[in-house]
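Residue numbers begin at 1 in each chain, while the letters A, B, ... track the order of the sequences. Note: hydrogens, waters and symmetry copies are ignored here, and every other heavy atom, side chains too, is used.
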Amino acid sequence: MKNLEIAGVFEHLADVIEIKGGEPFRVNAYRRAARVLGDLPEDVADIATEGRLTDIKGIGKGTARKIEEYLETGDVSAYRKEMRDVPEGLLELLGVPGLGPKTIGLLWKELDVRSIKTLRRELRRGSIPSLPGMGEKKAANIAAGVQAYLSRSGRSTLGSILPPATALLEGVRALDAVLEADLAGSVRRGRSTIGDIDILASSRRPGDVVSRFTKLADVEEVLASGGTKASVRIAGSVQVDLRVVEPSSYGAALLYFTGSKDHNVHLRGLAQSRGARLNEYGLTKRDRTLASRTEEAVYHKLGLDFIPPELREDRGEVEAAAESRLPELIEESDIRGDLHLHTNWSDGLSSVEDMARAAKARGYAYLAITDHSRSLGVANGLSVERLAEQREEIESVRRRVRGIRILAGTEVDILSDGTIDFPDEELEKLDIVVASIHTGFTQSEDRITGRIVSACENPNVDIIAHPTGGLLESREPYAVDLERVMEAAAETGTALEINSHPDRLDLSDVNARRAVATGVALAINTDSHHTDQLGSMGLGVVTARRGWVGPENVLNTLTTARLMKRLGRS
DNA sequence: GCCGTTTTCGGCCCGACTGTTTTCAGTCG
């Protein structure tokens, strides 16, 4: 699937036009096209073949032609033409905080800056302050930006950012001038990776709140601080933005500060078409405020149903809200059990009994013990004999821990040659079988896809775990044709997992949405290796919500009886 | 370059903060 590749070309095209000082609306159009392509749940090549490219909002005739050109030749001549006189390294400079297209264009033309390297040269020479519109402070700012860029650690995972974000939110809520405060931005939308933490607060004395915020113990560096907002850096070099508004505009501000940017732009366009204006202070029409206190009121006055934060990505949610056809999203309370858990029989740290008691304490009706299979030596995978012994232990724990159904299962390896690590007669003895890939990551797309498809076709396999094998910010997924996998899963009734482990969140939001659209059932599991990790279920649920997933799409929302029936065991 | 329950041409989201300026441009979200 070339969607992301082509999106990258348009992103670069937008960058280069921007640096050259081209028409901003053209830049925007290419950026939008890039984003839309990146979010597309279908293979763009298929859409092109069917001549439906211009049906996609944001893709017009010009962009469609360029997409077709790329699919045919692997190149876009317009992009090549724009890049002819532009040094490649110049585009990278857009990643430097505080450095935008205008400044980059200026540095390029006046000082022949063409990369991070030549920029640092000019910073050392001290030639930047003498340029028009520049000064000592700007030069120092750029130098700091270059440092931050070179030492950047990429985005943080949602799971790693939630604890410090929540702690900081509590710190803000504890300030006496603060009336209300909430997390906003991509944290509130539940994106799997986070660039920075956004916090909104309401107060009648915004200036006080801002100045006290910048003095909180967690704050390591103040990047900017004004009368209503501040940016700081906390430990781990995570940036935190605080915005403070009057209580009367809290809803409009929360909406604005939650984003996404594209969602906001869409809403503002909608407001405009109704002769109104939307900003962080409210929805207004001819100086009259129509709504501002709550998000619900703003959506309502725009003629929309309330849109949950997880859906606010401009992926069709505004149109759906206008026609009252937003899906009813799954909630964590819908989850009745966890179907992928490890114990100290393989590479987990907790016992079967501890896991059962912890799951029961969470109010679950069932849990599945699914330790690794024999070939996964590094994880102390179970032999056929030990698997049988484990079933005996599970039987004895069932007698001690009542009120929760303990399923005996396995996370069986789909081996490199495509076979399943346990013979069918062993799998048949189990209540549930989770299958997954842990080896042969570098195989061709065709082979890996074939391995997973054949696992789906095994009638004993109930769930495919972490279907793409990716780790957020650290390991690319293996090459897999998810379209073929989803078709096989739909046909065979095999569920695909949304793995809630903080480093995985696999399937992703977009892929979960594709799965639902293809008629595939999902399972949201934690893959816990310790009782402490059962709580990451919330991350998987948020990811599912971002994928427009409802409770009816998820296996482990079923009652115990229905689940057992569905698994073909009773 | 894209788009259309006001439009096939004329629009295209909006405001805070900073630093360079004597009223604004650039950047960011």
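- Within the 4.0 angstrom heavy-atom criterion, only backbone atoms of the sugar-phosphate kind lie near A:G227; the bases stay farther away.
- For the salt bridge (charged side-chain N to carboxylate O under 4.0 Å, His left out) condition, the pairs that include at least one residue of residues 86-112 of chain A, sequence neighbours left out, are A:D112-A:R114.
- Taking atom CG of residue A:L283 and atom P of nucleotide B:dG15, one finds them 13 Å apart after rounding to whole Å.
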Could you tabulate the donor-acceptor pairs under 3.5 Å formed by side-chain atoms of residues 190-201 of chain A, not counting sequence neighbours?
from	atom 1	to	atom 2	distance (Å)
A:T193	OG1	A:R155	NE	2.9

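- Across all strands shown, A:N279 has heavy atoms under 4.0 Å from sugar-phosphate atoms exclusively, and none from any base.
- Backbone-only engagement by A:L278 is indicated by non-hydrogen atom pairs under 4.0 Å involving sugar-phosphate atoms exclusively.
- A:N264 places its CG atom 12 Å from the C1' atom of B:dG15, with the value rounded to the nearest Å.
- Atom P of nucleotide B:dT20 and atom CG of A:N141 are separated by 9 Å, given to the nearest angstrom.
- When both distances must be under 3.5 Å, the Watson-Crick or G-U wobble mate of B:dT8 does not exist.
- Atom pair A:Y79:OH and B:dG1:C1' shows a separation of 18 Å (rounding to whole Å applied).
- By the salt bridge (Lys or Arg N to Asp or Glu O under 4.0 Å) test, A:D503 is found to be paired with no residue, residues two or more places apart in sequence or in another chain being considered.
- Identified under the salt bridge (charged side-chain N to carboxylate O under 4.0 Å, His left out) test for residues 249-273 of chain A, with sequence neighbours left out: A:R35-A:D262.
- Nucleic acid contact for A:S225: sugar-phosphate only, since backbone atoms but no base atoms lie under 4.0 Å from a heavy atom of the residue.
- Applying the 4.0 Å criterion to OP1 and OP2 of B:dA16, one finds that A:Y281 has a side-chain N or O inside that range.
- Residues passing the salt bridge (Lys or Arg N to Asp or Glu O under 4.0 Å) test with A:R84, sequence neighbours excluded: none.
- Rounded to whole Å, the distance from CD1 on A:I128 to P on B:dT20 is 12 Å.
- For the C1' atoms, the distance from B:dG11 to B:dT7 is 9 Å, rounded to whole Å.
- Considering only residues two or more places apart in sequence or on other chains, A:S127 meets the side chain to side chain donor-acceptor pair (under 3.5 Å) condition with A:E122.
- Computed from coordinates, the A:L270 CG to B:dC3 P distance equals 16 Å when rounded to whole Å.
- Within residues 4-26 of chain A, the residues approaching DNA chain B are A:F25, A:R26, by heavy-atom distance under 4.0 Å.
- For A:R277 and A:G135, each mapped to the nucleotide of DNA chain B holding its nearest heavy atom, the one lying further toward the 5' end belongs to A:R277.
- A distance of about 23 Å separates the P atoms of B:dT5 and B:dG1, rounded to the whole Å.
- Nucleotides B:dC2 and B:dT8, compared at atom C1', are 12 Å apart to the nearest Å.
- For A:R31 and B:dC2, the CZ to C1' distance is 16 Å, given to the nearest whole Å.
- Here the C1' atom of nucleotide B:dC3 and the OH atom of A:Y30 are 16 Å apart, to the nearest Å.
- Every residue two or more places apart in sequence or in another chain that forms a ring pair (Phe, Tyr, Trp, His ring centres under 6.0 Å) with A:F10 is listed here: A:Y30.
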statement: Counting primed atoms, P, OP1 and OP2 as sugar-phosphate and everything else as base, the B/S/- map of nucleotides 21-29 of chain B against protein heavy atoms under 4.0 Å is -----SSSB
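- A side-chain donor-acceptor contact under 3.5 Å links A:T157 to the backbone of A:S160.
- One P atom belongs to B:dT21, the other to B:dG26, and the distance between them is 13 Å to the nearest Å.
- Evaluation of the ring-ring contact (aromatic ring centres under 6.0 Å, His included) test over residues 63-114 of chain A, restricted to residues two or more places apart or in two chains, returns none.
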Give me the distances for all protein-to-nucleotides 6-11 of chain B N/O pairs that come in under 3.5 Å?
none

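- Between B:dT6 and B:dC12, the two P atoms lie 16 Å apart (nearest whole Å).
- Positionally, the nearest nucleotide of DNA chain B for A:R32 lies more toward the 5' end than for the other of A:K137 and A:R32.
- With 3.5 Å as the limit, one finds a donor-acceptor pair spanning the side chains of A:H266 and A:D314.
- Counting only heavy atoms from C-beta outward, the side chains of A:M1 and A:V44 never approach each other to under 4.5 Å.
- Salt bridge absent: A:R26 and A:E18 never bring a charged side-chain N and a carboxylate O closer than 4.0 Å.
- Counting only residues at least two apart or in different chains, salt bridge (charged side-chain N to carboxylate O under 4.0 Å, His left out) contacts with residues 55-71 of chain A comprise A:K57-A:E319.
- Separating the P atom of B:dC13 from that of B:dC17 is a span of 22 Å, rounded to the nearest Å.
- Spacing of P atoms, B:dT27 relative to B:dT20, comes out at 13 Å, to the nearest Å.
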